Amino acid sequence: MATLSYPFFTVQRTTSTHTNAFFIRPYPSFIRLPRRRFTPVFASVSSIKENLGRIHKTFTDFTSLNHWVVSDYFRLVDSVNAFEPRIQALSDEQLAAKTEEFRLRLKRGETLADIQAEAFAVVREAARRKLGMRHFDVQIIGGAVLHDGSIAEMKTGEGKTLVSTLAAYLNALTSEGVHVVTVNDYLAQRDAEWMGRVHRFLGLSVGLIQKGMNSEERRFNYRCDITYTNNSELGFDYLRDNLAGNSEQLVMRWPKPFHFAIVDEVDSVLIDEGRNPLLISGEASQDAARYPVAAKVAELLIHDIHYKVELKNNSVELTEEGITLAEMALETNDLWDENDPWARFVMNALKAKEFYRRDVQYIVRDGKALIINELTGRVEEKRRWSEGIHQAVEAKECLKIQADSVVVAQITYQSLFKLYPKLSGMTGTAKTEEKEFLKMFQTPVIEVPTNLPNIRKDLPIQAFATARGKWEQVRREVEDMFRQGRPVLVGTTSVENSELLAGLLREWNIPHNVLNARPKYAAREAEIVAQAGRKHAITISTNMAGRGTDIILGGNPKMLARGIIEDSVVSFLTREDPNSVHASEAISEKMLPKIKVGSSSLALLARTALMAKYVSKSESKSWTYQKAISFILESIEMSLSYGSEELEKLANEESEMYPLGSTLALAYLSVLKDCEEHCLLEGSEVKRVGGLHVIGTSLHESRRIDNQLRGRAGRQGDPGSTRFMVSLQDEMFQKFNFDTEWAVRLISKITNDEDLPIEGGAIVKQLLALQINAEKFFFGIRKNLVEFDEVLEVQRKHVYDLRQLILIGDDESCSQHILQYMQAVVDEIVFSNIDPVKHPRSWGLSNLLKEFKTIGGKLLHESFGGINDDTLLNSLGQLNEVKSVDVVNFCLPNLPAPPNAFRGIRRKSSSLRRWLAICTDDLIENGKYRTTSNLLRKYLGDFLIASYLDVVEESGYDERHVKEIEVRHSIQLLLS
């Protein structure tokens, strides 16, 4: 170990088999110790610091509010455990009957709190019988946190998916609907099928919303007791329902579509995606030919000469030289000319050039620019950037320009989930954002303790001056771990970086798997993640948030068994090649050895293959690949529902499909047993060498995202380690103006080799400060977005509520809204032309009459044609002489009487209600002529409404047809 001393810190150079790094240690430079004594003294100081750190953490945990909240939940755990023996003694039928019993108790006046402990015990037992999984005590706490409308922070691998069944079941007993919201279709489908077994066993209906479903399917699934969906489908269904033209198009549970939601990966949905509002767009009339021209102009413009870039805000600004050159190229005198506006197209082209990079923000596939979700690393095929950005990217890539769009409806996720009277969420990383959750949603974050202690080692961050040095160090560390036999997960921030590292590993003949947005990799996602914990497994992933699959040391036996079944059977059921679409691209290496199965499993696999071949030949045409996979999944499901003896009986039936499905299920059970034994043995070997090693190749703009990656190691008490490596050339340092010169000077003082890492307190402190500043910056953006959306929310809620009332209300309510709207139009005309404090002679009566005749059109042409402002003024002046007013048949003196349309009790009562509303509202200020003003409102409103009703009667249409027309026009009016 070499030691160098500098002011205020000491640098030590260590050499090991896999790293060559500098460590910065706080140490006074004026103290000189003999080199041979330095190491043991430092080691003892380090040991003392580590022990003090543990003591401090224990004391902090004990004194925190979270500790006492969790302690209180243990009383519920004791109650659930007390119910367990009685619940276990029930038969399947008796256990399922508990649901109806709970619902009857709720109808008799009991609350959810009264039945919570027993209901949780019922769910725990149902999960044990149907899934082979029993809720741990800490998972009972997690379920209680969700039920209380809080966010449960549970570490990766602690079973959040199973926890959700507790709160979902309990709240579904009220029959008002529960939404379990995930981040993608895959997780929604998986959870609906997997956890749905528990709910269906207990007699609840389970729905699933997926992309591509029609309105009828969506309506059916939303009416189930528990509905699984993803956040975007939920949001778009809400917006589409509020654009519906009739009640048959509605799919949600109106008039109360929202009751209780459990949001999985709640931080990703409400915080990370909080910057991107959900939009429904319609085509706008924009000239698509301008985008390619603007892209060519952007190529001419030079950064820092013709335009300036602000990375932090993703904004560009043209300089005087840039404006002159752009105007010359476009042959225009003014970029901002209203009649020929080029500015927006040029600015969008520059943004596409600087901020939207291929294989980072998007990929090009089949002639389309497809957005990559930066949080999940997945492609979002139906999503497009707004305000012309997507068209600018298409022009940059020389793709076909799709039509520009205009926003028809929009809502942010924050506003959407605020519509739930009761909202809860679960994630592995939310505590760092607790202040935001409390401020925005009044929802606290409760840290649920782990079932087993976390023994993961988080190694110090290493910083490099250059990206080249960082990637070379990542390659060396991966190689070292591979030789030890440890599985490695490398997290990257983009497709581009993942493939850069894959190329480096390929050069050194290190076998690996890549998981990013490219279809050739995404298609094998489940298989890649299932094997990521096996010995020697190297996995490069763009992002691990929302993958939905734990990395189990030794491998995931269920996924591996399913893979063996598919490899053995699919080729006999279908001739379709699942990889035919990507045949020209090299698939990741399948470098891990296949699991050897026993002789009984081999025999069952051979028997299944023969039967599959026979079934395929007996069909008139070959199955599709998707149908074959669906059949295999159904057979695996069968293996969980029947015992081996029942499957044997089904296998001997004369039907063609039963023997194949049941034989396949038997084969799966046998292979699964072999896989479990193999994974258990291999897992113990992986634990012995240190468990999963996670490498982060850059820091994210939020500490929470980094913690998501760290959380993949050390699940459920397993050993593991993490290491983050950053370079001063990383995008975040450039974006948030990190003082890279300070760090470069520090490195140059230590060594001439810029590719060597430095690590220690000084660097970590600077990096954490940078992340905190980034978090504050993006919190400000989300806060501004929410505040802006809150202004829209008032109008949106009023309009949406009115639309739903018209759509699902009775015919009479729709008519009343139309009459109220007519009165509101009249009131607006009156208010803009009168002053109740001043005499009517100073009012704008001439303009009032003009506006009133304009909105009335032909309805008022005959009656009001000869009335002028003098006639109206004289009439208003005579009101002082009127001693009593006939409210129903009111008329201003010497003016035409409204048509006699207020016949019948309903119309008379409607007229009275409008007069009461006029007298009691505060829309007009108090003054000497307030009563005169109100009587004018009443007269003009009655005249317009009565004229309309008179025309309707004279039309001869039956009442039902009139109501249909009124509903249709009311909806169109609200959409405009």
Side-chain angles (χ1 to χ4, degrees), residues 271-277 291 294-327 329-330 335-336 341-362 369 371-372 374-375 384-393 395-397 412 467 493-494 496-497 698-703 705 726-744 766-767 769-788:
I271 292 181
D272 298 328
E273 303 232 17
R275 286 182 259 164
N276 304 315
Y291 289 103
K296 294 295 182 184
V297 172
E299 291 178 9
L300 295 174
L301 302 178
I302 302 171
H303 184 208
D304 284 337
I305 297 177
H306 299 121
Y307 62 93
K308 303 291 184 183
V309 171
E310 179 59 57
L311 287 172
K312 191 175 182 179
N313 298 308
N314 276 14
S315 61
V316 293
E317 181 181 358
L318 285 168
T319 62
E320 288 298 327
E321 294 86 351
I323 293 172
T324 302
L325 179 57
E327 287 176 345
L330 293 168
L335 281 178
W336 285 269
W342 275 101
R344 184 173 75 91
F345 295 94
V346 174
M347 301 301 275
N348 281 346
L350 289 172
K351 288 180 181 179
K353 174 183 174 182
E354 292 292 334
F355 307 129
Y356 295 84
R357 290 177 292 159
R358 185 169 178 166
D359 293 339
V360 179
Q361 277 80 23
Y362 67 94
I371 297 174
I372 298 173
E374 61 179 316
L375 306 171
R384 288 177 64 82
W385 290 301
S386 58
E387 299 178 354
I389 292 294
H390 211 105
Q391 286 79 7
V393 171
K396 182 182 79 169
E397 296 290 345
T412 62
T493 56
S494 67
E496 182 182 47
N497 287 338
S698 66
L699 292 179
H700 198 272
E701 294 155 353
S702 169
R703 292 166 291 169
I705 305 300
V726 299
S727 85
L728 303 182
Q729 294 177 336
D730 288 348
E731 184 178 354
M732 189 175 75
F733 297 107
Q734 313 298 325
K735 198 171 186 177
F736 291 93
N737 301 321
F738 180 68
D739 188 4
T740 54
E741 291 184 6
W742 168 84
V744 169
Q766 288 280 335
L767 295 176
L770 178 66
Q771 279 189 305
I772 291 170
N773 286 336
E775 288 172 358
K776 289 178 179 177
F777 173 75
F778 287 116
F779 170 68
I781 291 177
R782 292 190 297 270
K783 183 170 176 287
N784 291 337
L785 182 65
V786 169
E787 289 173 353
F788 173 74

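Remember, it's a predicted structure, so these values are computed and weren't measured experimentally. Counting from 1, the numbers follow the sequence of the chain as shown.
Between V346 and A294 the shortest heavy-atom distance is N-CB, 4.0 Å. In terms of heavy atoms, D359 sits closest to I372 at C-CD1, 4.3 Å. Residues A395 and A295 share a closest heavy-atom pair of CB-CB, 4.0 Å. Summarising the geometry of A329 relative to V297, their closest heavy-atom pair is CB-CG2, 4.2 Å, with the distance given to 0.1 Å.
Between the side chain of E496 and the main chain of R358, no donor-acceptor pair closer than 3.5 Å is present. A donor-acceptor pair is defined here as one N or O able to donate and one able to accept, closer than 3.5 Å; no such pair exists between the side chain of K396 and the backbone of A298.
Partners of V316 under the side chain to side chain contact (heavy atoms under 4.5 Å, CB included) rule, at least two apart in sequence or in another chain, are V309, M347, L350, K351, F355. When the side chain to side chain contact (heavy atoms under 4.5 Å, CB included) test is applied to I302, the partners found at least two apart in sequence or on another chain are I305, H306. In this view, S315 and E310, N313 satisfy the side chain to side chain contact (heavy atoms under 4.5 Å, CB included) rule, not counting sequence neighbours.
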Inset, instruction - Output, in order, the C-alpha distance, side-chain angles, deciding distance and verdict of side chain to side chain contact (heavy atoms under 4.5 Å, CB included) for L325 and Y307. - result: CA-CA 11 Å; L325 179 57; Y307 62 93; over 6 Å; no
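The aromatic rings of H390 and W385 are tilted relative to each other, their planes meeting at an angle between 30° and 60°.
A distance of 12.0 Å separates CG in L335 from CZ in F345, rounded to the nearest 0.5 Å.
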